[in-house]
Each structure stands twice: as structure tokens, then as C-alpha cells.
Amino acid sequence: MLLRHTPSEIKERKALNVNPAKTCQPIGAMYAALGIHGCLPHSHGSQGCCAYHRSTLTRHYKEPVLAGTSSFTEGASVFGGQANLVQAIDNMFTVYNPEVIAVHTTCLSETIGDDIPQIARKAEADGKIPKGRFVIHASTPSYVGSHVTGFSSMTKSMVDYFARFSGKRTDTINIIPGYVEPSDMEEIKRLAAEMGVKNIMFPDTSNVMNSPQTGRFEMYPRGGVTVEALARTGDSSGTLALGKLASSAAARALDIKCKVPCEILDLPIGLNNTDLFIDALRKMAGVSVPESVNVDRGRLLDIITDMHQYFYGKKVGLVGDPDHLVALTEFLVSIDMWPVHIVTGTPGKAFEKRIREITREVPHEVNVGAPGDMFLFHQWVKNEPVDLLMGNTYLKYIARDEDIPLVRFGFPILDRVGHSYFPTVGYRGGMRLLEKILDALLDRKDRDDPEEGFELVM
Amino acid sequence: MSSTCEERTELECEYVDPGEVKQELISRYPTKVARKRAKQIVVNEVGECGEVPEIGANTRTIPGIITQRGCTYAGCKGVILGPTRDIVNITHGPIGCGFYSWLTRRNQTKPEDARDENFMTYCFSTDMQDEDIVFGGEKKLKAAIQEAYDIFKPKAISIFATCPVGLIGDDIHAVAREMKEKLGINIFGFSCEGYRGVSQSAGHHIANNGIFTHVVGGKDEGKEGKFKINLLGEYNIGGDAFEIDRVLEDCGITLVSTFSGNSTYDQFASAHMADLNTVMCHRSINYVADMMENKYGIPWIKVNFIGAEATAKSLRKIAAYFEDEELTARVEEVIARELPAVEKVRDEVRSRCEGKLAMLFVGGSRAHSYQELFREIGMKTIAAGYEFAHRDDYEGRNVLPSIKVDADSRSIEDLEIHPDPQRYRLRKPTEALEELRSKGLPLKEYEGMMAEMAEKTLVVDDISQYETEKLIEIYKPNIFCAGIKEKYVVQKQGVPMKQLHNYDYGGPYAGFKGAINFYEEIDRMVNSKVWSYLKAPWQKCPELSARYACD
């Protein structure tokens with residue numbers, strides 16, 4: 001057994017996190033920053049933070065992930081990291097020529113209290129920031145929140161640094177997609193375009209974290225929201241923010257700063273949440289929904305109705321990030337699956353309440369861990385087995401030990417491809433999710449059915 | 001920046017002037033940076049007695065340069081202690097450090113039976129929150145140790161300090177002592193905050209010092225055998241240690257402990273019972289070999305099990321040390337038995353790889369040891385460098401006395417070691433060792449990477465992203481070796497990239513079977529047709545053959 005020391009007996013733990021269901025803020029900030037065109041993220045801390053974040057993002061996307069580090073030494077930790085950051089800014093603009101350097105802090109630089117805007121001003125005064133180039137920052141101490149919080153903070157920084165109201169409203173809609181995959185961002189943009197809605201998406205990692213193999217390495221790939229577009233978000237007529245935890249801070253900041261009204265929705269995962277998204281976008285932009293979107297919706301519903309028997313009453317265990325879990329749980333409940341163990345490592349009180357509301361009709365006791373860890377999740381699974389697991393790659397250890405099928409979903413996925421190319425949001429993303437769920441469940445059924453009950457047609 | 005790549009041959013490369021390449025690499029940098037990088041980029045020359053030029057190494061990375069390097073914690077917890085399966089390793093800090101070092105290094109482990117302890121699949125962290133940073137985290141650390149003990153009942157618990165822990169002044173060692181007393185199991189801490197030292201290397205040192213101080217010598221019975229050795233600096237990536245174990249066992253050599261691939265606490269504790277230390281990764285552990293010699297009287301030799309010839313040579317060195325005819329005969333028998341299969345694949349692969357070019361920028365020993373494997377299939381290393389090695393790993397141990405100890409190195413404790421009153425046992429009298437040396441057995445010697453590299457090759461320490469890209473553009477190598485962060489940067493340039501930290505989820509590459517695996521893998525990579533599809537037909541021949549709409 002891979003997790004041979006996990007007992008089914010649950011002892012309360014107050015101090016020890018075992019097998020975390022989250023990671024730290026800076027990696028989320030780095031991922032968000034990669035969604036700005038021509039941006040070089042920078043980690044203000046020890047080298048290891050940057051190396052770990054780049055490695056993890058690289059493993060998840062199988063794409064180049066470039067970022068600078070302030071390479072703190074003991075001296076910098078005692079006297080502050082100003083000299084390191086100024087030198088880093090100089091080197092990065094000189095050697096790598098980015099349009100934007102997006103600095104995020106770490107537990108180290110936060111603990112010593114480095115003031116990033118002050119250091120950036122110093123760099124500017126020293127002539128280290130070329131004209132028309134920018135240094136932005138987000139405060140992302142690792143001892144607060146999780147990677148999702150870091151993503152949220154960097155996304156909000158894009159508003160703080162760039163958005164401005166020119167005095168003239170446009171009919172453009174801002175879409176803040178949340179902590180989702182480049183494929184998801186692409187799909188959301190495709191839907192908006194299909195509906196004829198002019199939009200600015202930020203951050204936008206499509207065509208950055210899923211760039212093609214061409215034999216040419218582009219340090220700054222084609223994708224990403226431009227600084228110019230970020231500036232224009234202040235003129236837009238509305239903002240749709242998807243995923244409360246990841247996107248609402250930026251949406252509210254834009255409302256306060258530039259009076260752009262916002263609507264905050266759950267991630268458009270599954271039929272109902274996509275309906276809400278399309279409906280909100282339609283109303284906000286004042287457009288009608290084209291037939292092509294209805295067709296997509298109908299196809300997703302077709303799979304649901306055609307294959308309902310295989311979903312009905314299947315118990316599921318979920319590990320992931322709050323925004324994902326809220327939307328995914330809703331989707332699963334909507335097709336009569338029963339999410340019974342739900343764990344996120346990201347702290348937050350509202351989450352449990354939301355999940356309890358969504359799972360109200362599940363005829364089973366529902367365990368919610370927020371914050372919880374995968375060790376506790378595993379113990380729950382041992383005590384109350386499930387038919388399916390959904391979550392990141394680390395779940396495969398539990399899946400193998402307990403012999404339960406696993407659908408990979410969320411972050412990080414280190415051992416499969418697809419998530420960066422094929423969405424799980426929108427109607428088409430819903431179809432893909434159902435395909436994956438059905439493949440997992442039916443493969444299992446095919447494996448386990450007795451010979452006389454082995455089905456040709458399913 | 002962008003670049004395209006077509007293959008180059010060895011011949012064409014001879015026309016590239018490495019001195020000019022060096023100038024090109026540093027010309028982009030601000031003056032001060034260029035001056036520093038110039039010391040770390042060297043055109044190799046090997047003198048008659050093997051003397052090589054000096055290289056700057058183990059110095060601070062320049063902020064913003066985009067380095068491969070990680071931190072002290074990564075070296076300590078990730079590299080050295082990570083591969084030990086039966087110690088509960090608790091990361092004291094916010095969640096990230098523990099999370100990222102959770103199962104990501106591919107150090108395989110194989111417990112003897114289903115009930116044996118194996119905590120490697122677990123990540124333990126105190127998950128510090130802001131209140132712990134403000135009010136101190138010692139209380140939480142104690143509680144975490146207690147909880148770990150209550151649930152897992154391990155024989156040992158270790159604690160790893162992350163950056164903020166050092167800053168807020170949590171005394172992890174005092175907590176360790178207190179809890180050790182309370183729980184009656186061995187508990188020890190590592191002050192491996194990420195900002196200590198200039199790279200992972202500092203973390204290796206802190207880890208090894210800790211293991212040496214707290215564990216080695218704790219158990220006076222170990223594996224029995226006639227020829228007992230320890231293998232230091234082997235981390236069982238992709239199962240390397242399993243293959244080395246197989247070969248050693250076939251030779252009748254008993255492996256008392258491995259530092260630290262597939263290791264256990266008890267193996268460390270009884271390491272002092274071995275009669276010879278063999279050092280694989282010189283960088284991460286040579287000082288442990290020295291300390292074991294001073295404290296327990298165990299001599300050491302450098303070995304290399306990467307490459308079939310190197311493996312054979314290393315086995316012969318071990319046999320030479322023990323001066324036993326039977327062992328020598330058995331070693332020769334094993335080599336004779338293993339080599340034909342290796343040679344068959346090698347010759348076949350060589351026919352397809354001969355003359356192709358490799359670059360290796362990785363680690364603290366692999367950039368050297370893997371050159372051997374490439375050489376065996378006729379490939380030439382045109383540029384190489386380490387991520388975190390020191391000058392002695394480049395230039396050889398004879399430069400050790402001339403290495404200046406700077407402020408960053410001084411912060412890593414250098415243990416003062418005296419002979420253990422009970423356990424010191426001189427394995428061979430000094431004269432016998434001298435005689436062995438005069439017969440050609442190099443004791444305590446390592447010549448470093450540069451002496452074995454060709455003239456006019458480039459040696460680059462702590463290579464940056466920019467330099468990586470530029471070198472590929474200039475030399476157009478057939479393969480580039482580094483780590484995960486470099487993997488897709490290189491491949492997007494149309495050049496196959498082999499990861500030598502995690503082996504791209506393959507391996508083993510050590511020993512005889514490992515050599516076969518590596519030859520086949522490199523053959524697959526450098527000769528694959530998949531790299532020929534970079535251009536679509538219409539990109540190859542863009543001329544239009546349009547027809548008028550009215551036709």
C-alpha cells in the first residue's frame with residue numbers, strides 16, 4: 001500500500017497538516033502574471049520559491065515557465081531585499097526585455113516587511129525601468145490563504161496598476177475567468193465571441209501556457225492580456241467575475257476604481273452554471289444568445305439524459321480549490337451524483353456553507369473539510385467508500401490503495417495531458433467532464449462485471 | 001527572443017570559437033553582471049598534468065538572471081532526507097515548501113514487506129498561519145510532533161526549518177530536544193532555511209551534518225559480510241540504487257548503507273560498521289566521507305556507476321581496496337557476464353549517434369558523470385556545467401586548499417570531528433593505504449569534470465536562461481540535458497531535452513542495465529522522426545498556386 005500508515009480511525013489534529021490540499025500563494029500569483037502579455041513574473045524571496053513554483057507549473061502545463069528570483073541570502077534577509085530587487089529589475093529588463101515585471105512576495109520578504117512599491121520607485125529613480133515598461137506587484141505571504149488567494153491578489157493588482165477610466169464608456173465586457181486552465185479561458189472567450197460580446201479577459205493564459213511546438217522558442221508567446229487592454233478595462237460597461245475566491249477582489253477593485261459594475265458568478269462548470277454565465281453575459285452585453293450556443297447546451301443535456309443511469313446515485317469524493325469545488329459539486333448534484341466527501345485546503349468559512357446548501361438533497365451524510373487535508377479525506381473514504389474520486393494528481397495514491405477510479409481535475413495535474421488544451425468550462429467543457437467521468441465509471445464496470453453480465457452496449 | 005534550430009555536426013562545431021561564444025554570452029549583461037559571469041564561463045584547457053583553468057563556482061546567483069538553482073531547504077529536505085523512508089519529515093513553515101517537495105524527486109524506495117514503515121508518500125507540515133508568524137511557531141511545532149507521534153509511531157522524526165522560521169527565531173533544536181526527551185524517540189532538526197547559502201548545496205551539507213551528528217554511530221550492528229561498503233551520494237532516482245545493489249550483491253559486496261537512496265534510519269545508524277566508503281555524487285557528500293574517516297577510520301574512494309565502463313572500473317576499485325583474490329575474480333566474472341549485453345546495444349546505438357553533440361547543465365555531479373555515457377555511444381559533450389557544484393567538482397580536489405571561504409559558506413557549520421573513543425577502528429594501516437595508492441588506487445581523490453572534458457569545450461557554472469538559449473542557438477546540439485524548468489524551453493527550440501534530475505520518469509541509468517536503458521533512450525531521442533514535423537507542408541514551400549475565381 002502506498003499510504004499504508006493512514007488509519008481509518010480519525011484522531012483530531014490541530015497542528016499537523018498531512019498531505020495538503022492546497023499550496024502557497026506565490027505560485028498562484030506567478031500563474032496569474034503569466035496571463036499578461038509580455039510579462040516576466042518575479043519572486044521576491046529565496047531562490048527555492050521560484051524554482052519550486054516554476055517546476056510545479058512546468059510539470060502541470062509541460063510548457064516553459066520563466067520567472068526571476070531575488071535570490072535572497074542571509075544578508076538580504078537581515079537587511080532587506082531592496083538591493084536584490086533593484087538589481088533583478090535591472091537585469092530582467094536588460095537581458096529579457098519584458099513589457100511588465102510582476103513581482104510577488106514570499107513568506108520571507110513579507111516577514112521582513114519589504115515594501116515593494118517603494119523599491120520599485122527606487123528602481124525607477126535609478127533609471128532601471130525603461131520608458132513604457134512596468135513593474136507591478138502583489139503581496140502574497142505564504143502563511144495566508146493558498147495558491148488561489150495569490151492568484152486573486154495578482155489579478156487584483158492588474159486592476160490596481162493598469163485600469164483607468166478615460167471618461168468614455170465602451171460596450172466591452174471584462175471577463176475575469178478565475179483560476180482555470182488556458183483551455184478554459186479560450187472556451188470562455190469563444191463563447192463570448194460566439195455571442196458577439198466584445199470582451200477583455202484578464203488574466204488570460206491561453207496561447208501562453210498551451211503554446212504550439214513550432215521549433216521557435218518565444219519567451220513571450222502570443223497570448224496574454226495586453227497592458228493596453230488592461231488599461232481599457234476601466235472603460236468597460238461591466239465585469240463578469242467567475243469564481244468568487246479567485247476573481248471577486250479584482251472585480252470589486254475595478255468597480256471602486258473605475259465604476260465598472262460587476263457580477264460575480266460561480267465558475268461555469270456544468271449545465272446550470274454555464275446557463276447562469278451565458279444569461280448574465282447576455283443581459284450585461286445586451287445581446288441575444290445565438291443558436292450555436294443552444295446547440296452546445298442541447299448536446300451537453302443530451303449526454304446527461306442519455307447516460308443518466310450511470311450517474312445516478314454514484315458517490316463521489318472531491319478534493320480541490322473552493323471555486324472549482326462549488327461549481328463541480330453543483331454539476332454533480334444536478335446530474336444526481338452524490339458528492340459525499342469534499343475537501344479543500346484553502347481556508348474560508350463561506351465555502352462550507354455553500355457546499356452544504358448545494359448538497360442539501362444528497363441522501364447521505366456529507367463530509368466537508370475546509371480547510372482539510374488529503375489525509376483526512378482518505379480516512380473519510382476508508383470509512384465511507386465512494387465510486388469515484390475527482391481531484392489533482394496526488395489523489396492517485398488514494399485511488400490505487402482503495403481501488404477507486406479517479407478523474408483528474410484541478411491543480412496540479414502532473415501525470416496526464418489534456419487539461420491545457422481541452423476545457424472543462426462551458427457546455428463543451430461539461431461534455432468533456434462527463435466523457436471523462438463515464439470513461440472512468442464504465443471502464444471500472446467493464447473490469448468488474450461478471451462474464452455473464454458483461455455488456456456490449458452501454 | 002526567439003531562435004530556430006537545425007542540427008549541427010561535430011565537424012561544423014569545430015569552427016565555432018568558444019572564446020567568441022563566451023564574449024557573446026556576456027555581452028548582453030550589465031557591466032557588473034558580465035564581470036561576474038565571465039568568471040563562471042570558462043573555455044576548457046587541460047594541461048599536461050591535468051591542470052585546468054579556474055572557474056567561479058558556489059557563489060551567489062545574480063538576482064533576476066533566471067537561474068536553475070533552488071534553495072537550501074530543497075537540498076536538505078528534498079534531496080538528502082527525502083529518500084529515507086522511515087523518518088517522519090516535518091516541514092516547519094507555511095505549506096508551500098512541504099507541498100513542492102512532496103514526491104517530486106523520483107527517489108524510489110522499496111520497503112522489504114508490506115508492514116515496513118514508508119512515509120515517503122506523505123507530506124507533513126505545520127502549515128504556519130499568520131498568527132504563528134506573529135506569535136511564534138514553537139507551540140504548533142511541538143503539537144505537530146506530538147500528533148505525528150500519536151498517529152504514526154515512527155522511530156524518528158526530523159524537522160526542517162523554512163525561511164520565516166529562521167527570521168522569527170523559532171528554536172527548532174530546542175523543540176526537538178524537548179520532544180525527544182518526552183517521547184523517547186530520536187527527534188532532530190535542520191536549520192535549512194532557504195536563504196542560507198547560495199544553492200541546494202548548502203542544504204546537502206546541513207542535512208549530512210545532521211545525519212552524521214544525530215544518527216550515524218547509533219547502532220553497532222548492521223549487515224554482515226566480508227566486504228562491507230557504504231555508498232554515499234546515491235539517491236535512487238528512477239531505481240538507480242536497485243541496479244547498483246544488484247551488481248554489488250552479485251559481486252559479493254555487502255552494502256551496509258546508502259546515503260540516501262532507498263535508505264532507512266537503521267542503515268544510517270550502522271553506517272560506521274562498513275569498511276569502505278564509496279562516493280558517487282562528490283558534491284553532495286564528500287565531507288561525510290571525510291568525517292567518517294576521521295571519526296571511525298573508514299577510508300573512501302570516488303566511484304561512478306553511471307556508464308558501463310565506469311561501473312566496471314568502480315567495481316575493480318572496490319576489489320582493489322579489499323585486496324582479496326576471490327573478490328577480484330568474482331568482480332571480473334560479473335563484469336564479463338554483464339558487458340556483452342551492454343556492448344551489443346552500445347555498438348548498435350553508437351552507429352546512429354556517433355559524432356552527435358550533447359550539452360549537460362545539471363546538478364553537482366551528473367553533468368560530469370553522464371558525459372561518460374554519451375562518450376560510450378560516440379557523442380561529444382561540447383558544453384557542460386553544474387547547477388550548484390563547487391570548484392573542486394570542476395577542477396578536482398587538489399584545489400581545495402585554495403578555495404576561499406566566503407560569508408555564505410561560513411554560515412554552514414563545518415563540524416570538527418575527532419576519533420570516536422569506542423568506534424574508531426583504522427581499517428587499514430596508513431602504510432597499506434599508501435601502498436594501495438602507489439599501486440594506482442586513488443583514495444580520497446576526485447579529478448573533477450574539466451580534466452575529462454575536451455579542449456575548447458565550454459564550462460559554464462550556474463547557467464542562466466539567456467545563456468542556455470544562446471548556446472543552443474550557436475551550437476545547435478543534438479541533445480540538451482538539464483532539469484524540469486529547462487525541459488520545454490529547450491524542446492520549444494526544436495532540440496530534444498533529457499532531464500537528468502528525474503530522468504523524464506525513466507531509468508534506471510546506473511550500472512550495466514542502466515547503461516543499456518540510457519543508450520536506448522538517447523537513441524530514441526536524437527534519432528526520432530518526431531522532430532522532423534516542425535514545419536507544415538505549406539510552410540516548407542510557401543509559394544502559392546492560386547487559381548482565378550473565374551476559372
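Residue numbering restarts at 1 for every chain, and letters A, B, ... go by the order of the sequence lines.
The aromatic rings of A:Tyr52 and B:Tyr100 sit parallel, their planes meeting at an angle under 30°, below the 60° perpendicular limit. A perpendicular orientation is assigned to the rings of B:Phe99 and B:Trp102, their planes being inclined by more than 60° (bins at 30° and 60°). A perpendicular orientation is assigned to the rings of A:Phe72 and A:His44, their planes being inclined by more than 60° (bins at 30° and 60°).
Heavy atoms closer than 4.5 Å to chain A are found in both the backbone and the side chain of B:Val489. In this structure, the portion of B:Ala114 lying under 4.5 Å from any heavy atom of chain A is its backbone and not its side chain. No part of A:Pro26 comes within reach of chain B, as not one of its non-hydrogen atoms sits under 4.5 angstrom from that chain. In this structure, chain B has no heavy atom under 4.5 Å from any part of A:Pro141. Neither the backbone nor the side chain of A:Tyr61 comes within contact range of chain B; no heavy atoms are under 4.5 Å apart. For a residue to count as touching a neighbouring chain, one of its non-hydrogen atoms must lie under 4.5 Å from one of that chain's; by this rule B:Thr162 does not touch chain A. Residue contact with chain A, scored on non-hydrogen atoms closer than 4.5 Å, involves the side chain of B:Phe152 exclusively. Using a 4.5 Å cut-off between heavy atoms, A:Thr6 contacts chain B through both its backbone and its side chain. In this structure, chain B has a heavy atom under 4.5 Å from the backbone of A:Ala67, while its side chain stays farther away. For a residue to count as touching a neighbouring chain, one of its non-hydrogen atoms must lie under 4.5 Å from one of that chain's; by this rule B:Ile133 touches chain A with the side chain only. Only the side chain of B:Ile90 has a heavy atom closer than 4.5 Å to any heavy atom of chain A. Contact annotation for A:Tyr397: only side-chain heavy atoms (C-beta onward) come within less than 4.5 Å of a heavy atom of chain B. Using a 4.5 Å cut-off between heavy atoms, A:Leu40 contacts chain B through its side chain alone, with no backbone atom that close. For A:Phe375, the part sitting under 4.5 Å from any heavy atom of chain B is the side chain, from C-beta outward, and nothing else. At a 4.5 Å heavy-atom cutoff, A:Met1 makes no contact with chain B through either its backbone or its side chain. Looking at B:Arg60, the atoms closer than 4.5 Å to chain A (heavy atoms on both sides) all sit in the side chain, from C-beta outward. Contact of A:Ser77 with chain B is made through backbone and side chain together, with heavy-atom distances under 4.5 Å. Contact annotation for B:Asp408: only side-chain heavy atoms (C-beta onward) come within less than 4.5 Å of a heavy atom of chain A. Neither the backbone nor the side chain of B:Asp132 comes within contact range of chain A, judged by heavy atoms closer than 4.5 Å. Heavy atoms closer than 4.5 Å to chain B are found in both the backbone and the side chain of A:Ser211.
Ranking A:Pro371, A:Pro20, A:Gly75 against chain B, the residue ahead of the rest is A:Pro20, based on heavy-atom pairs under 4.5 Å. Between chain B and the options A:Val144, A:Thr58, A:Asp90, the largest number of non-hydrogen pairs under 4.5 Å is found for A:Thr58. Taking A:Met374, A:Lys11, A:His53 one by one and counting their heavy-atom pairs under 4.5 Å with chain B, the maximum is reached by A:His53. With respect to chain B, the highest number of heavy-atom pairs below 4.5 Å among A:Gln25, A:Lys14, A:Glu9 belongs to A:Lys14. Comparing A:His42, A:Arg54, A:Met92 by heavy-atom pairs within less than 4.5 Å of chain B, the highest count is held by A:Arg54. Put simply, of B:Gly194, B:Gly75, B:Pro30, the one with the most heavy-atom pairs under 4.5 Å next to chain A is B:Pro30. For chain A, the option among B:Pro111, B:Gly98, B:Ser199 with the highest count of heavy-atom pairs below 4.5 Å is B:Pro111. Between chain A and the residues B:Cys71, B:Cys163, B:Ser125, the largest count of heavy-atom pairs under 4.5 Å involves B:Ser125. Of the listed residues A:Glu110, A:Lys62, A:Glu63, the one with more heavy-atom pairs under 4.5 angstrom with chain B than any other is A:Lys62.
Between B:Lys470 and B:Glu24 there is a salt bridge, with a side-chain nitrogen of the basic residue lying less than 4.0 Å from a carboxylate oxygen of the acidic one. In this structure, B:Arg410 does not pair ionically with B:Asp406, as no charged nitrogen and carboxylate oxygen lie closer than 4.0 Å. The existence of a salt bridge linking B:Asp127 and B:Lys140 is excluded, since no basic side-chain nitrogen approaches an acidic carboxylate oxygen closer than 4.0 Å. A salt bridge is absent between B:Arg85 and B:Glu117; no separation between the charged side-chain nitrogens and carboxylate oxygens falls under 4.0 Å. Under a 4.0 Å N-O distance rule, the pair B:Arg196/B:Glu193 qualifies as a salt bridge.
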CA sep, side-chain torsions, deciding dist, call: B:Tyr29, B:Arg37, side-chain contact (heavy atoms from CB on, under 4.5 Å):
CA-CA 9 Å; B:Tyr29 294 126; B:Arg37 288 305 298 156; 3.8 Å; yes
| said: Applying side-chain contact (heavy atoms from CB on, under 4.5 Å) to B:Val490 and B:Phe480, what does each step give before you reach the verdict? | reply: CA-CA 7 Å; B:Val490 174; B:Phe480 191 97; 3.7 Å; yes
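Cation-pi check for A:Lys396 over A:Tyr394 is not met; the charged atom does not lie both under 6.0 angstrom from the ring centroid and within 45 degrees of its normal.
Within 6.0 Å of the NZ atom in B:Lys110, the count of heavy atoms belonging to other residues, nucleotides or ligands does not exceed 12. In B:Glu112, the CD atom is not crowded: 12 or fewer heavy atoms of neighbouring residues, nucleotides or ligands sit closer than 6.0 Å.
B:Gly483 and B:Gln499 get closest at one heavy-atom pair: C-OE1, 3.8 Å. Across every non-hydrogen atom of B:Asn118 and A:His5, the tightest pair is N-NE2, 2.9 Å. Across all their heavy atoms, A:Cys49 and A:Thr106 have their closest contact at SG-CG2, 3.9 Å.
No side-chain heavy atom of A:Val343 sits less than 4.5 Å from a side-chain heavy atom of A:Asp373.
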